[in-house]
Asker: 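Let me begin by handing over the structure; questions about it come next.
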Amino acid sequence: MVSYKELGFVNTREMFKAAMAGGYAVPAYNFNNMEQLQAIITACVETQSPVILQVSKGARNYANQTLLRYMGQGAVEMMKEMAREKGLKEIPIALHLDHGDSFELCKSCIEYGFSSVMIDGSHLPYEENVALTKKVVEYAHQFDVTVEGELGVLAGIEDEVVAEKSTYTRPEEVEDFLSKTGVDSLAISIGTSHGANKFKPEQCTLNEDGIYVPPELRFDILAEIEKRIPGFPIVLHGSSSVPVEAVKIINAYGGNIKDAIGIPEEQIRKAATSAVCKVNIDSDGRLWMTAAIRKYLAEHPEVFDPRKYLGPAREALIAMYKHKNINVLGSANRV
Ligand code: G3H
Ligand code: 13P
Ligand code: ZN
């Protein structure tokens with residue numbers, strides 16, 4: 001058992017308090033490999049933004065749980081060195097389990113130095129979600145690890161659980177869920193979903209540039225939830241905007257991504273000024289990384305050194321994370 005405090009991480013409590021008071025949201029970016037992690041740290045140090053590093057069950061299986069723990073620890077040391085060299089402030093970093101699906105997985109992550117875990121019982125019957133979430137909270141709080149729960153189901157893939165249809169969060173359940181479980185933050189479902197196909201074209205209208213405009217998120221449900229639990233940190237999953245430019249590059253260089261539609265960034269910006277304190281973004285990074293690699297390899301068919309094509313991918317990620325922090329989440333210059 002290693003405490004996250006020894007590794008230099010923080011839990012999400014103070015981060016969310018500051019985000020709530022400041023009207024912004026803390027970015028929660030997923031990583032599976034070195035280039036993604038370097039890009040997240042570089043962008044967040046340079047924009048002086050707090051950050052939540054997210055690891056899914058799939059990421060942990062892909063990268064190896066021990067290596068991931070040391071990568072996280074390395075990210076803290078890299079952040080400190082970078083801040084010192086650039087004459088900037090150190091930034092708070094949380095290491096968070098994304099979509100934990102069992103008590104055992106949450107416990108294992110806490111033992112490996114995670115400072116925050118999500119237990120996602122959103123697909124379970126309500127009372128089972130309450131029981132599982134409460135069990136995780138009771139364990140995690142012994143180590144001052146914060147816990148995110150979820151009410152309502154997002155369409156798309158939630159860590160190997162595929163939901164065909166979304167079910168919006170029922171505001172009338174939130175107070176009861178909070179008081180029974182003791183969670184520190186709550187993920188809700190108001191129309192976002194995972195992946196690059198968040199809406200079907202027939203659900204959207206076409207704007208003058210021929211770009212699909214999806215229906216608005218259910219800000220009415222968010223407002224109702226805020227009214228019932230004022231000041232309580234809300235989390236938005238599935239918040240990628242699925243940039244048309246990235247999809248165009250992918251498809252121009254041999255890819256085949258059809259009908260990709262995300263959440264317009266103005267809507268995420270609007271949500272970030274409310275009680276939404278954490279915004280999850282993964283797909284946008286995947287798209288920009290793929291776009292950069294496809295373009296580079298198509299233009300340099302003779303290259304076989306991974307650094308040559310992963311380097312530009314890392315640069316594309318840095319630019320995207322900076323943009324999100326500065327223009328979408330409002331988390332820049334908040335440390
Ligand atoms: O919400 C899911 C995240 O994008 C992580 O995805 O389970 O494929 O690592 P993953
Ligand atoms: P996106 O697929 O919209 O990036 O959402 C990521 C997410 O919610 C991770 O938990
Ligand atoms: Zn998610």
Side-chain angles (χ1 to χ4, degrees), residues 12 25-33 36-37 39-40 51-65 67-68 71 94-102 105-106 109 114 116-123 147-163 166-167 169 185-199 214 217 234-244 246-247 257 259-265 267-269 271-272 276-291 317 320-321 323-325 328-329:
T12 56
V26 179
Y29 297 132
N30 292 68
F31 78 97
N32 300 268
N33 65 33
Q36 291 170 325
L37 188 55
I40 295 168
V51 69
I52 297 169
L53 299 174
Q54 290 203 139
V55 172
S56 69
K57 180 180 170 183
R60 215 167 173 239
N61 292 339
Y62 175 80
N64 180 284
Q65 59 195 31
L67 181 58
L68 261 180
M71 284 172 76
L95 184 62
H96 174 81
L97 168 65
D98 191 24
H99 294 286
D101 61 354
S102 67
L105 178 59
C106 293
C109 285
F114 283 52
S116 175
V117 292
M118 174 189 193
I119 178 68
D120 182 359
S122 59
H123 53 284
V147 180
E148 175 185 325
E150 180 167 333
L151 273 179
V153 178
L154 273 69
I157 301 165
E158 289 217 63
D159 212 35
E160 291 157 20
V161 179
V162 181
S166 71
T167 316
T169 303
S185 59
L186 181 69
I188 61 166
S189 172
I190 57 165
T192 63
S193 61
H194 293 100
N197 298 85
K198 300 189 189 299
F199 302 93
L217 296 177
I234 301 295
V235 178
L236 266 197
H237 283 247
S239 298
S240 280
S241 67
V242 186
V244 175
V247 174
I257 296 185
D259 296 335
I261 304 170
I263 313 290
E265 287 185 334
Q267 293 191 38
I268 300 298
R269 179 76 205 109
V276 170
C277 290
K278 171 175 179 272
V279 167
N280 287 13
I281 295 173
D282 188 3
S283 296
D284 283 356
R286 295 178 179 194
L287 288 166
W288 277 118
M289 195 165 190
T290 302
L317 285 178
M320 183 204 82
Y321 293 133
H323 162 70
K324 297 283 184 191
N325 294 351
V328 184
L329 308 179

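Atoms considered below: every heavy atom in the structure, side chains included; atoms not considered: hydrogens, waters and symmetry mates. As the structure lists them, so they are numbered: ligands from 1, and atoms in each ligand from 1.
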Asker: Does any part of the side chain of L186, heavy atoms only, come nearer than 4.5 Å to the side chain of V235, both counted from C-beta?
Answerer: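 The answer is no; the side chains never approach within 4.5 Å.
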Asker: Quick check on contacts: which atoms of ligand 1 are under 4.0 angstrom from a heavy atom of D98?
Answerer: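 Answer, ordered by atom number: 1 (O), 3 (C).
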Asker: Could you check whether H99 and E150, counting side-chain N and O atoms only, form a donor-acceptor pair closer than 3.5 Å?
Answerer: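 Per modelled atom types, E150 and H99 side chains form no pair under 3.5 Å.
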Asker: Taking the six-membered ring for Trp, are H237 and H194 parallel (under 30°), tilted (30 to 60°) or perpendicular (over 60°)?
Answerer: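 H237 vs H194 ring planes: perpendicular.
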Asker: Taking non-hydrogen atoms only, is H99 closer than 4.0 angstrom to ligand 1 via side chain, backbone, both or neither?
Answerer: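 Only the side chain of H99 comes within reach of ligand 1.
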Asker: Which parts of the protein, at residue level, reach under 4.0 Å of ligand 2 through a heavy atom?
Answerer: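 Ligand 2 pocket, heavy atoms under 4.0 Å: N30, Q54, D98, H99, S193, H194, G195, K198, H237, G238, S239, S240, N280, I281, D282, S283.
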Asker: Would you check if there is a donor-acceptor pair between the side chains of Y29 and D284 at a distance under 3.5 Å?
Answerer: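 No, Y29 and D284 have no side-chain donor paired with an acceptor closer than 3.5 Å.
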Asker: Just so I know, are the side chains of L329 and I268 near enough to count as touching, which here means a heavy-atom distance under 4.5 Å?
Answerer: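 A side-chain contact exists here, since the closest heavy-atom pair is under 4.5 Å.
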Asker: Out of all atoms in ligand 1, which are within 4.0 Å of some heavy atom of D282? Include the element for each.
Answerer: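 Numbered from 1, ligand 1 contributes 3 (C), 4 (O), 5 (C), 6 (O).
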Asker: With atoms numbered from 1 as shown, which atoms in ligand 1 lie under 4.0 angstrom from a non-hydrogen atom of N30?
Answerer: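 Going through ligand 1 atom by atom, the ones under 4.0 Å from N30 are 3 (C), 5 (C).
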Asker: Please report the shortest heavy-atom distance between S189 and G152, naming the atom on each side.
Answerer: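 In terms of heavy atoms, the two residues are closest at CB-C, 3.9 Å.
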Asker: Under 4.0 Å, heavy atoms only, figure out whether ligand 1 is touched by the backbone of R286, its side chain, both or neither.
Answerer: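 For R286, the contact with ligand 1 is made by the side chain alone.
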Asker: Report, in ascending order of atom number, the atoms of ligand 1 lying under 4.0 Å from any heavy atom of H194.
Answerer: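 Close to H194: 1 (O), 2 (C).
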Asker: Just to verify, which of D98, I40, L68 counts as forming a side chain to side chain contact (heavy atoms under 4.5 Å, CB included) with L53?
Answerer: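 For L53, the side chain to side chain contact (heavy atoms under 4.5 Å, CB included) test succeeds with only one of D98, I40, L68, which is I40.
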Asker: Indicate the atoms forming the closest heavy-atom contact of A291 with A246, along with that distance.
Answerer: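 Looks like CB-O, 3.7 Å.
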Asker: Can you name the N, O or S atom of H237 that is closest to the Zn ion (ligand 3)?
Answerer: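 H237's closest N, O or S atom to the Zn ion (ligand 3) is named ND1.
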Asker: The criterion is salt bridge (Lys or Arg N to Asp or Glu O under 4.0 Å); which residues satisfy it with K278, sequence neighbours excluded?
Answerer: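 If we apply the salt bridge (Lys or Arg N to Asp or Glu O under 4.0 Å) test to K278, skipping adjacent residues, the hits are E148.
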